[in-house]
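Right, one structure below, let's go through it.
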Amino acid sequence: MSSFLNEVWIARYPLLSGLMQTIGSSVASIVLGTLLGTVVGLLIVYGPLAVRWICRIYIDILRGTPVLVLILTTFYMPAVIGLKLGTFFAGIIALTLFCGAHVAEILRGALQSIPRGQTEGARSIGLTFPQTLAYVLLPQAMRSILPTWINTGVELVKASTLLSVIGVGELLLKTQEVISRNFMSMQFYLFAGAVYFVLNFGIERLGKAIERRVAFR
């Protein structure tokens with residue numbers, strides 16, 4: 001045990017660097033993916049027919065594509081047209097597109113589940129459509145999608161391990177580099193698993209706290 005802790009101390013800077021890359025890519029993807037998914041979710045419900053079809057195609061393709069394929073495509077396809085993306089940037093784009101498709105779909109379901117009478121009631125008291133959206137529809141939809149959105153965030157943290165295939169120095173890749181030097185594979189993989197568990201458990205607890213806070217309003 002002491003030799004393992006000693007190796008962890010020796011490798012503390014690479015492991016910490018990998019952890020920061022994991023947190024950075026996950027947080028950026030969740031934030032950008034949520035913004036993208038909100039826009040697409042609104043367009044697929046309230047947009048013109050042609051826009052709704054485009055959004056439907058985007059959601060179906062992205063939700064049906066494995067994350068690994070999406071990451072490899074985002075990294076290698078731009079090179080075909082002479083555009084070179086950095087590995088970290090390409091990884092964030094891939095995870096953002098993946099997150100956006102899932103958020104758009106759960107937002108669509110939440111908006112369409114709100115009784116039509118609420119929209120008509122808002123109009124009857126003189127609210128415009130943007131006001132109805134902001135004060136009546138979105139608050140209810142956001143409350144109902146919160147548990148699923150938290151699950152999507154947890155899935156993104158786990159999916160961030162796949163960024164190692166294009167060379168992003170996230171926690172799993174740094175752990176593998178450390179193992180290649182000391183050959184303590186079982187100990188360091190368990191260590192990495194424990195770190196991922198703590199991250200996801202923290203997201204879950206934070207989500208539960210937000211759910212309780214929103215429920216009391």
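Treat the numbers as computed from the prediction; the structure is a model and nothing was measured.
One finds the OG1 atom of Thr87 at 6.0 Å from the CZ atom of Phe75 (value rounded to the nearest 0.5 Å). In this structure, CZ in Arg205 is found 9.5 Å from CD1 in Ile150, a value given to the nearest 0.5 Å. Separation of atoms CZ (Arg63) and NE2 (His102) is listed at 5.5 Å; rounding is to 0.5 Å. The structure places CG of Leu171 at 9.5 Å from OG1 of Thr161, a figure rounded to the nearest 0.5 Å. Interatomic distance, CD1 of Ile93 versus CD1 of Ile71, reported as 12.0 Å (0.5 Å rounding). The CD1 atom of Ile166 sits 9.0 Å away from the OG atom of Ser164 when rounded to the nearest 0.5 Å.
You'll find the side chain of Ile61 reaches within 4.5 Å of the side chain of Ile57, heavy atoms only. Side-chain contact between Ile92 and Leu163 is absent, with no heavy-atom pair separated by less than 4.5 Å. Between Ile44 and Tyr58, the closest side-chain pair of non-hydrogen atoms is not below 4.5 Å. Counting heavy atoms from C-beta on, the side chains of Phe188 and Val8 come closer than 4.5 Å. Leu173 places none of its side-chain heavy atoms less than 4.5 Å from the side chain of Val168. The shortest side-chain heavy-atom distance between Cys99 and Val103 falls under the 4.5 Å cut-off. Put simply, the side chain of Pro66 reaches to within 4.5 Å of the side chain of Val69, judged on heavy atoms. Annotation: side chain of Phe98 is not in contact with side chain of Thr65 (no heavy-atom distance under 4.5 Å).
In this structure, Ile106 is a member of the same hydrophobic cluster as Val154, with clusters built from ILVMFWY side-chain heavy atoms closer than 4.5 Å. One hydrophobic cluster, built from ILVMFWY side chains closer than 4.5 Å, cannot hold both Val51 and Ile59; they sit in different ones. Trp53 and Leu62 are not part of a single hydrophobic cluster, where members link through side-chain heavy atoms under 4.5 Å apart. Leu19 and Leu5 fall within a single hydrophobic cluster, where Ile, Leu, Val, Met, Phe, Trp and Tyr are joined by side-chain heavy atoms under 4.5 Å apart, directly or via other members. Leu70 and Leu68 end up in the same hydrophobic cluster when Ile, Leu, Val, Met, Phe, Trp and Tyr side chains are linked at under 4.5 Å.
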Could you go through Thr175 and Ile179, starting from their C-alpha distance and side-chain angles, then the distance that decides it, and tell me whether this counts as side chain to side chain contact (heavy atoms under 4.5 Å, CB included)?
CA-CA 6 Å; Thr175 301; Ile179 290 172; 4.0 Å; yes
**Item:** Residue pair Glu120, Arg116: steps toward the salt bridge (charged side-chain N to carboxylate O under 4.0 Å, His left out) verdict
**Value:** CA-CA 7 Å; Glu120 294 170 352; Arg116 190 177 180 81; 3.6 Å; yes
Exercise for review: Check the pair Leu42 / Leu138 against side chain to side chain contact (heavy atoms under 4.5 Å, CB included), numbers first and verdict last.
Suggested key: CA-CA 10 Å; Leu42 290 174; Leu138 274 180; 4.2 Å; yes
Leu36 and Leu97: side chain to side chain contact (heavy atoms under 4.5 Å, CB included), yes or no, with the steps? CA-CA 8 Å; Leu36 174 65; Leu97 292 172; 4.1 Å; yes
For residues 191-202, please give each side-chain donor-acceptor pair under 3.5 Å, one per line with the distance, not counting sequence neighbours.
from	atom 1	to	atom 2	distance (Å)
Tyr196	OH	Glu170	OE1	3.1
Tyr196	OH	Leu172	N	3.4
Asn200	ND2	Tyr196	O	3.4

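Residue-environment remark: CE (Met142) exceeds the threshold of 12 foreign heavy atoms within 6.0 Å. The number of heavy atoms from other shown groups lying within 6.0 Å of CZ (Phe89) does not exceed 12.
In plain terms, the two heavy atoms of Gly37 and Leu107 that are nearest each other are O-CD2, 4.2 Å. Leu95 and Ala159 make their closest contact through CD2-CB, 4.1 Å (heavy atoms, listed as atom of the first residue, atom of the second, distance). Counting all heavy atoms, side chain and backbone alike, Ile30 lies closest to Leu156 at CG1-CD1, 3.5 Å. Across Ser17 and Lys174, no two heavy atoms sit closer than the pair OG-CE, 4.2 Å. Across Ala90 and Thr74, no two heavy atoms sit closer than the pair O-CG2, 3.4 Å. Taking both residues in full, the closest heavy atoms of Gly153 and Ile203 are given as O-CD1, 4.4 Å, listed atom of the first, atom of the second, then distance.
Residue pairs meeting the side-chain hydrogen bond (donor to acceptor under 3.5 Å, both in side chains) criterion with at least one partner in residues 20-48, sequence neighbours excluded, are Thr34-Trp149.
With Gln140 contributing its side chain and Val136 its backbone, the two residues share a donor-acceptor pair below 3.5 Å. Of the possible polar contacts, one joining the Gln131 side chain to the Thr128 backbone as a donor-acceptor pair under 3.5 Å is found. Counting only distance, with no hydrogens or angles, the side chain of Arg108 and the backbone of Gly41 share no donor-acceptor pair below 3.5 Å.
Cation-pi geometry between Arg12 and Trp9 is met: the NZ or CZ atom falls under 6.0 Å from the ring centre, inside 45° of the normal.
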